[in-house]
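Some notes on the structure that comes next.
The chains referred to below are lettered A, B, ... by the order of the sequence lines, with proteins before strands, and numbering in each begins at 1. None of the values given here were measured: they were computed from a predicted structure.
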Number of protein chains: 2
Amino acid sequence: MSSRGRPVATSHAQIEAVAFRLFAERGFDAVTMADIAAEVGVGRRTLFRYFESKNDIPWGQFDRTLDGFRAILAESPDDLPLADAVQRAVLRFNEYPADSDPPHEQRMRLILETPALQAHSVLRYADWRDVIAEYVAGRLGLQATDTLPRTVGSVSLALAISAYEGWLADPGSDLQTLLEETMTSLRDYLAD
Amino acid sequence: MSSRGRPVATSHAQIEAVAFRLFAERGFDAVTMADIAAEVGVGRRTLFRYFESKNDIPWGQFDRTLDGFRAILAESPDDLPLADAVQRAVLRFNEYPADSDPPHEQRMRLILETPALQAHSVLRYADWRDVIAEYVAGRLGLQATDTLPRTVGSVSLALAISAYEGWLADPGSDLQTLLEETMTSLRDYLAD
DNA sequence: ACACTAATGGCACCGAGCGCCATAAAGATA
DNA sequence: TATCTTTATGGCGCTCGGTGCCATTAGTGT
């Protein structure tokens, strides 16, 4: 319970705050881990104990939110059509408080507009897709490794990213509306 | 048309062949660019003139095939429903000669099973998605940057990757069949 | 023989990332 | 108070991907 040992010198939140400021000022690629460490007032080596890689910094504590995502899916009524249940869960997962820090828009813009982070995102999102695959598999009596559950996970991710791109491209738009429109338009496209 | 200047010391194909052999022997991560250069008998610096990065080696001359993909789409009859036209084009794009070298299966297994390459693939496939977006935009009288064309590109990619994963997981399966099944099962999923 | 051209490859450098380990700073114990 | 234990820090040195610079090589054309 008590806090033995040397106390921590920083925190994920502090590093994140400093890093986002620097990224905004100079751009992601132009900021080195040494820069961030100096600004935080901590050793470079220590940064790598808080974040596995520079690419992981913009993601913050994404992993932790997956439990919430699982919970949202678990709450879905079983009589709701599968595709609707998934769609609603994706919508709810992407409700973010307007005052989050750093701002959700800034975080997503960084991730979606920086090539190195676009690439890295496929690794970070693997677990998110698995959450969907698990749910779909459960509803259909399949394994999460079967093709359909995995496909639904991948396609849901592709749709969500498309919606985010639209959101970032149009400052006045509403993310929830775009997510819904994107999913509906895919249905129309496939059904025509 | 004559060939002035110092003659080339190697070729994309030779580098690719050597690299694939080493990757198979030791695994992608355990092979350094210096290893490949030594085996090819060329300077390390030269490798980076043939391939932008180590991650690009497994992709070979992927860019060149995009013109073929564009041509396939351009040939599609206009009265074919849009989703069917795209589906058929994706199928045809993924017809590979059985004797390609390195084998298509080995290439895709490397790309889809190596985390660093999974991540990098999102950058390589951006142009592929754009080809689809251009076609969809043309058929619908939209811009290629609009949401629906981009969404169709992303979703088509997600489906193709799912199909490839299934293909690699089941040695006896047929890629063309799996591609078709994956696309059809998504329609069922969304329509239920 | 001499100019021209284009590819090579060595060298030095940067930045991410990691293993190793000495050290700092706290609580616990005597 | 002095010592022990625990835990985080951070410096050092290394590997590897990647790049800019530039001298050198090996051809073709005159």
Open item on the list: I want to know whether B/Tyr125 and B/His120 have ring centres closer than 6.0 Å.
Closed with: no

- [ ] Please determine, by modelled atom types, if B/Gln87 and B/Arg187 share a side-chain donor-acceptor pair under 3.5 angstrom.
- [x] yes

TODO: For residues 113-130 of chain B, pull every pair meeting salt bridge (Lys or Arg N to Asp or Glu O under 4.0 Å), keeping only residues two or more places apart or in separate chains.
DONE: B/Asp56-B/Arg124, B/Asp63-B/Arg124, B/Arg109-B/Glu113

Open item on the list: Taking the minimum atom-to-atom distance to the side chain of A/Tyr50, which one of C/dC4, D/dG10, D/dT9 wins?
Closed with: D/dT9

Task: NZ/NE/NH1/NH2 to OD/OE distance under 4.0 Å, B/Arg70 and B/Glu75 - done: no

TODO: Select from B/Arg49 and B/Lys54 the residue whose nearest nucleotide in DNA chain D is closer to the 5' end of that strand.
DONE: B/Lys54

- [ ] Starting at atom CZ of A/Arg4, determine the distance to atom C1' of C/dA25, rounded to an integer number of angstrom.
- [x] 12 Å

Open item on the list: Donor-acceptor pair, distance only, cut-off 3.5 Å: does the side chain of A/Asn94 make one with the backbone of A/Val90?
Closed with: yes

Task: Quiz item: B/Arg6 side-chain donor-acceptor pair to C/dG9 base, under 3.5 Å - done: no

TODO: Could you check how far CG of B/Asp29 sits from P of C/dC18, rounded to whole Å?
DONE: 12 Å

- [ ] Take the protein atom CZ of A/Phe51 and the nucleotide atom P of C/dA16, then report the distance between them rounded to whole Å.
- [x] 15 Å

TODO: Choose from D/dT9, D/dC22, D/dG18 the nucleotide whose nearest atom is closest to any side-chain atom of B/Ser53.
DONE: D/dG18

Open item on the list: Does the plane of the ring in A/Phe28 sit parallel, tilted or perpendicular to the ring in A/Phe23? Use 30° and 60° as the thresholds.
Closed with: tilted

Task: Minimum-distance nucleotide to B/Arg44 side chain [options: C/dG10, D/dG17, D/dT28] - done: D/dG17

Open item on the list: As a test of reading the structure: which of D/dG11, D/dT28, C/dC11 is closest to the side chain of A/Arg45, going by heavy atoms?
Closed with: D/dG11

Task: A/Met33 CE to D/dG10 C1', straight-line distance once rounded to whole Å - done: 14 Å

Task: Gap between atoms CZ and C1', on B/Phe48 and C/dC11 respectively (whole Å) - done: 15 Å

TODO: Please tell me which of B/Thr32 and A/Gly5 maps to the more 5' nucleotide of DNA chain D, matching each residue to the nucleotide holding its nearest heavy atom.
DONE: A/Gly5

TODO: With a 4.0 Å heavy-atom cut-off, tell me which residues in residues 7-27 of chain B come close to DNA chain D, sorted by residue number.
DONE: B/Pro7

Task: Whole-Å distance separating the CG atom of A/Asp35 from the P atom of C/dG17 - done: 14 Å

- [ ] Consider only side-chain N and O atoms of A/Gln14 and A/Thr10, and report whether a donor and an acceptor are under 3.5 Å apart.
- [x] yes

Open item on the list: What is the separation between atom CD1 on B/Ile57 and atom C1' on D/dG17, rounded to the nearest whole Å?
Closed with: 11 Å

